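Notes for the one structure printed next.
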Amino acid sequence: MLDKTFNPQDVEKRIAAQWQASGAFACGNRPEAEAFSIVIPPPNVTGRLHIGHALNNSLQDILARFERMRGKDVLWQPGTDHAGIATQLIVERQLAERQMSRIGLGREKFLEEVWKWKAESGGAIVEQQHRLGASADWSRERFTMDEGLSRAVLKVFVELYKQGLIYKDKRLVNWDPRLQTAVSDLEVESLEIKGTLWHVKYPIEDSDRFITVATTRPETMLGDTAVAVHPDDERYRALVGKTAILPLTGRPIPIIADEYSDPEKGTGAVKITPGHDFNDFEVGKRHKLPLINIINKDGTLNNDVPAPYRGLSREAARKKIVADLEAAGLLEKSEPITHAVPHDEKTKTVVLEPFLTEQWYLNVQPLADKAIAAVEKGETKFVPENWANVYFGWLKNIRPWCISRQLWWGHQIPVWYGPAKEYRSSGGERASIFAEETQDAARKAAEDYYGRPVEFFSDEMEYKRAVSPYYQQPWPADWRIPLLREADVLDTWFSSALWPFSTLGWPDKAAELERYYPTNVLVTGFDIIFFWVARMMMMGIHFLGQVPFKTVLIHNRVLDEQGAKMSKTKGNVVDPITLIDEFGADALRFTLAQAAGQSRDMRIGPTRVEAGRNFATKLWNTSRFCEMNGCVTVPGFEPGRVRETVNQWIVAETAQAVADVTAAIEALRFNDAANAAYHFVYDIFCDWYVEITKPIFQSGSNAAQAETRATTAWARDQILKLLHPFMPFITEELWAATATTPRDSLLVVAHWPSIKAQGAEAASAEMHWVIELIKGVRSVRSEMNVPAGAKIPLVLTGADMIAKERMARNKDVIMTLARLTQADPADSIPKGSAQFVLGEAVVALPLGDVIDFAKERARLEKELKKTQGEIDRFDAKLLNEQFVAKAPEEVLAEQREKRTEAAALAARLGDAIGRLQN
RNA sequence: GGGCGGUUAGCUCAGCGGGAGAGCACUACCUUGACAUGGUAGGGGCCAUAGGUUCGAUCCCUAUACCGCCCACCA
């Protein structure tokens, strides 16, 4: 006997263990079946599951379970990402708490610490995915820094390098002065900041005049190498070609004409700081201006600025410079301004600095072209389609991708540097580059190149010591050429971009690659279309010659119940595990699926999940009802052969529900699928079928009871199957608990239903009639304030044979559900009856003294008025010549039919009101 | 500045050319032998505004307003 309520906590763990033990999630055990594959967007290995993950994983799991039940060989590939910056940051913070530092430890020891942290916390998010019920093939779990995946990364890097697509370049990058690493354009977030616009007067050489520039960053003026004005700007025309004296430094800088200068902005004259501004960098290139770098890697001012400012932070320098300018009388004015300032996208606190460094770049242009073409040709489809525009928009304006990071945690770039082969050449100590997948390969390449043995160095200082004595000199005969390993690591997204094939065994010729690539669906959020989706497309096409996935499903973004973006700082993060603890994983999953509509966002919070929990309870209890009435699955039951009308009807309804849910999941419309299942279970099975079968179980014939028991059990089984992708735990539990003999298999590998129901039209019509009758009686009872416990008589008048037969056949049901003392046909309507119209017939409820005539008249008149309004509307249409002439035939016929029905209803209502007066 | 979404019941959202829907909330009644994490019956909407297309517009088009997001933008 089932417990009175479902206790998720007790059940979930046990069921999860059963699934694991059964091996049901493993791919490859259906070699003859069609393959279906999904790769999970790998979460940060040391992170925690948030509600967005829960949605993302739930949708993937629905697909995986659905296709598995449909007999496919499903691979849902799980794994985690090393998340370079985020993880390194956490470990550095932990070290700081122990009064230690990354630099103090050194690279090797520090990485040991990170691996330790990964081991400690790395299981958590996977454990949370298990809590959710994710049916991924956990035996194939991967990590972006696994041996195999790392090999893929190295191979991709080396190939792209040898193809000339990866190169080193010295240009401005977005620099994070706290982490002291470059970040890519995508990792920059512009935030509106209240600042000040200072107008600074630059004296003009050999004159007593000034040119005034406006700036929000006065500290960068120490790196100015020009002042630019627009060539057409009359105000400044005379000054072009003259020289300004940069205040505080006394350095002369030219006044140049460049169209970059916008006469509308600021004063129309703009200071040019090529070393610290992207636009100025371009201006500097055009005018061959010198470039002065004035800051250190940590953001403090360097020794190329006047002594008083050296070592100051950017903020302190700004203050001091403003004060000094003011003291010198060179500050014309200052005004408050709100302007966009680049911040690092992760913490949103650190102001990024355009900074001149040498970095590794990937020229993605040729890859992007192919990625664009693939979507244009439909090889990959976005769902909803409009997200393709976002994808195109970015790829069509793509810029080289800065792939190097000055971090330690990540894939160290497989490049070794050596000294110039011609020692007299002035190439410095890192003149030769060997990009190879392994150190051995690098050794070989270098030894071939130099014709000498080499020696590896990982520390730059040691390397320099080894190499520096031999600049500009012949190398000693026994000298081993020092090779220095590139210290930088790759952007985390570089390895993520390979995920769809690196997890399948590439670069080896793996059978999995053959079978599961391209994957079927990528399920992800729109926030990583650029970061991840586009890059996977590029890498997949480039290295495999095929797109990595056929469909990209972009799902909603999850907001809190107030519609606010969730963030740790706001403290409005909804923890999915808390929701699972409170309401159960099934409740959360079902709620997420129901909310996964076509809009861009969804709002999720406890109240919605509570509704999901209530649905689980309903499912549990209706199963309990089945159990209490001895409804046990009958082997070989044939739904097409049931004889009882109500059973024929529920078979047809079940078939409809199966068709609806199936079509919706296929179309990736999860909300439609969940709602179709919900509607069938709640509004059809529980509300009507179960209620209608109660009288049968009490007083039906043996044959009817037996058939109804079998049909009920069958329908319940179909429900469990239909709901299993959404609510796997409770359905699996019920699947076992409702069986008296062991099931053939776990529900997770049961066959998805496919039902052919034909010839049930008559049964369906009859049941709809019965339901309408019962609803009609209930409605009248309620409006007439008939006590819920009181039983009343019913007579059916004006009914045709069909209606009379319907009532006779379903008398028990009608009397029970409508709480009647009798339900019989009659020739006339008894006095003192409340009435309502049902099809051709009038249903009368002789309430005698109970009836409130005024109330009954009001009720009928309201109904009549409503009907009359409808008739008027139909008439307006049908009398409109244009409508009659132009509307399609079927619409016309439909409107006429509806008008006739309404008129008939009105006539009967009129009669009923007339009789009331007697 | 460029682009993309949204505006439908108190709230959250479906619907997207032929009579306005769901869940939650609300009201009334009901401890009826599956279920109060429940049942029954209800109330509640000029489908943002203004034009247009159409026999017919919540739905298509064009503007407007408001809300939100993305990209570009540090004078």
Side-chain angles (χ1 to χ4, degrees), chain A residues 2 4-6 190 193 195 197-200 213-217 220 228 260-262 264-272 276-280 337 339-342 351 354 386-387 389-390 393-394 397 526-527 529-530 557 561 563 565 583 587 591 594-595 597-605 607-608 610-629 671-672 675 678-679 683 686-687 690-691 694 698 775 778-783 785-789 816 819 869-870 873-874 877 880-888 890-892 894-895 898 902:
Chain A
L2 292 171
K4 200 168 174 192
T5 49
F6 173 60
S190 281
I193 296 291
L197 185 64
W198 285 277
H199 291 244
V200 183
V213 299
T215 180
T216 53
R217 301 201 53 196
T220 64
Y260 163 66
S261 179
D262 182 348
E264 303 293 311
K265 280 187 183 171
T267 63
V270 60
K271 60 195 270 310
I272 301 297
H276 297 285
D277 183 283
F278 289 99
N279 290 311
D280 293 4
I337 187 180
H339 62 134
V341 178
V351 175
N386 55 302
W387 288 111
N389 294 327
V390 174
W394 188 67
N397 295 297
F526 61 78
D527 51 332
I529 290 178
F530 304 150
R557 180 181 49 179
E561 279 183 328
K565 231 168 152 174
F583 301 110
T591 305
Q594 265 190 313
Q598 269 49 58
S599 60
R600 198 174 279 221
D601 300 322
M602 69 159 73
R603 299 186 184 190
I604 288 293
T607 50
R608 293 202 66 174
E610 191 179 1
R613 187 273 316 268
N614 293 351
F615 179 55
T617 305
K618 190 77 177 173
L619 176 67
W620 184 263
N621 278 304
T622 200
S623 303
R624 226 168 138 248
F625 168 85
C626 298
E627 184 187 44
M628 290 167 77
N629 286 285
N671 58 329
D672 286 350
N675 287 331
Y678 179 95
H679 164 71
D683 303 337
C686 293
D687 283 0
V690 162
E691 294 303 325
K694 280 177 183 172
Q698 271 177 359
K775 282 167 103 166
R778 283 172 174 173
S779 186
V780 171
R781 288 177 62 112
S782 176
E783 288 190 37
N785 293 324
V786 177
T816 307
R819 301 192 72 77
E870 285 173 8
R873 251 180 296 153
F874 288 124
K877 266 190 188 175
N880 181 334
E881 285 173 30
Q882 301 270 28
F883 174 73
V884 177
K886 294 192 177 173
E890 60 269 24
V891 172
L892 258 177
E894 186 188 272
Q895 298 290 312
K898 283 180 177 171

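Nothing here was measured: the structure is a model prediction, and the numbers come from that model. Hydrogens, waters and symmetry mates play no part in the numbers below; they use all other heavy atoms, side chains included. In what follows, chains are A, B, ... by sequence order, proteins preceding strands, each numbered from 1.
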With rounding to the closest Å, how many angstrom separate the [atom1] atoms on [N] and [M]?
| N | M | atom1 | value |
| --- | --- | --- | --- |
| B/A25 | B/C59 | P | 32 Å |
| B/A63 | B/A22 | C1' | 33 Å |
| B/U58 | B/U49 | C1' | 14 Å |
| B/A34 | B/C24 | C1' | 24 Å |
| B/C55 | B/G15 | P | 28 Å |
| B/C73 | B/A14 | P | 33 Å |

Can you see which heavy atom on [X] is nearest to which on [Y], and at what distance?
| X | Y | value |
| --- | --- | --- |
| A/Ser623 | A/Leu2 | C-CD1, 4.0 Å |
| A/Ala595 | A/Ile604 | CB-CD1, 4.0 Å |
| A/Ile337 | A/Leu197 | CG2-N, 3.7 Å |

Any side-chain N or O of [X] below 4.0 angstrom from OP1/OP2 of [N]?
| X | N | value |
| --- | --- | --- |
| A/Lys775 | B/U40 | no |
| A/Asn614 | B/G38 | yes |
| A/Lys898 | B/G19 | yes |
| A/Lys265 | B/A75 | no |
| A/Arg608 | B/C24 | no |
| A/Ser599 | B/G5 | no |

At under 4.0 Å between heavy atoms, what does [X] touch on the DNA or RNA strands: base, sugar-phosphate, or nothing?
| X | value |
| --- | --- |
| A/Arg217 | base |
| A/Gln594 | nothing |
| A/Lys694 | base |
| A/Ser779 | sugar-phosphate |
| A/Ile337 | sugar-phosphate |
| A/Val891 | base |
| A/Asp262 | base |
| A/Glu610 | nothing |
| A/Asn389 | nothing |
| A/Ala340 | base |
| A/Cys686 | base |

Earlier contact from the 5' end, RNA chain B, for A/Thr622 and A/Pro354: A/Thr622

message: Quick check on RNA chain B: between A/Gly597 and A/Leu197, whose nearest nucleotide comes earlier from the 5' end?
response: A/Gly597

query: Given side chains that start at C-beta, do those of A/His199 and A/Thr267 come closer than 4.5 Å, heavy atoms only?
result: yes

Can you tell me the distance, in whole Å, between the [atom1] atom of [X] and the [atom2] atom of [N]?
| X | N | atom1 | atom2 | value |
| --- | --- | --- | --- | --- |
| A/Arg613 | B/G38 | CZ | P | 8 Å |
| A/Asp601 | B/C4 | CG | P | 18 Å |
| A/Asp683 | B/U40 | CG | C1' | 14 Å |
| A/Ile604 | B/C24 | CD1 | P | 14 Å |
| A/Asp527 | B/C71 | CG | P | 10 Å |
| A/Glu691 | B/G39 | CD | P | 10 Å |
| A/Arg624 | B/A36 | CZ | P | 9 Å |
| A/Glu783 | B/C29 | CD | C1' | 13 Å |

Among [options], which nucleotide has an atom closest to any side-chain atom of [X]?
| X | options | result |
| --- | --- | --- |
| A/Phe530 | B/A75, B/C70, B/C55 | B/C70 |
| A/Arg873 | B/C35, B/G23, B/G19 | B/G19 |
| A/Lys618 | B/G38, B/U37, B/U40 | B/G38 |
| A/Ser190 | B/C73, B/C35, B/G15 | B/C73 |
| A/Arg557 | B/G5, B/C69, B/A75 | B/C69 |
| A/Met628 | B/A75, B/C73, B/A34 | B/A34 |
| A/Ala611 | B/G39, B/C55, B/C24 | B/C24 |
| A/Lys4 | B/A75, B/G18, B/A36 | B/A36 |
| A/Phe874 | B/C13, B/G19, B/C4 | B/G19 |
| A/Arg603 | B/U32, B/C13, B/A75 | B/C13 |

query: How are the rings of A/Tyr678 and A/Phe615 set relative to one another: parallel (under 30°), tilted (30 to 60°) or perpendicular (over 60°)?
result: tilted

- request: Could you label the plane-to-plane angle of the A/Phe6 and A/Trp620 rings as parallel, tilted or perpendicular, counting under 30° as parallel and over 60° as perpendicular?
  value: tilted

Write down the partner of [N] under the Watson-Crick or G-U wobble criteria, each distance required to be under 3.5 Å.
| N | answer |
| --- | --- |
| B/G5 | B/C67 |
| B/G33 | none |
| B/G51 | B/C61 |
| B/G42 | B/C26 |
| B/G21 | B/C13 |

message: Looking at A/Arg624 and A/Glu627, is any side-chain nitrogen of the basic one under 4.0 Å from a carboxylate oxygen of the acidic one?
response: no

task: Considering only NZ, NE, NH1 and NH2 on the basic side and carboxylate oxygens on the acidic side, decide whether A/Lys694 and A/Glu691 come within less than 4.0 Å.
output: yes

B/C35 base / A/Thr617 side chain donor-acceptor hit below 3.5 Å: no

task: Assess whether salt bridge (Lys or Arg N to Asp or Glu O under 4.0 Å) is satisfied between A/Glu870 and A/Arg873, documenting all intermediate values.
output: CA-CA 5 Å; A/Glu870 285 173 8; A/Arg873 251 180 296 153; 5.2 Å; no

task: Please round to the nearest 0.5 Å and tell me the distance separating atom OG1 of A/Thr216 and atom CD1 of A/Ile193.
output: 11.5 Å

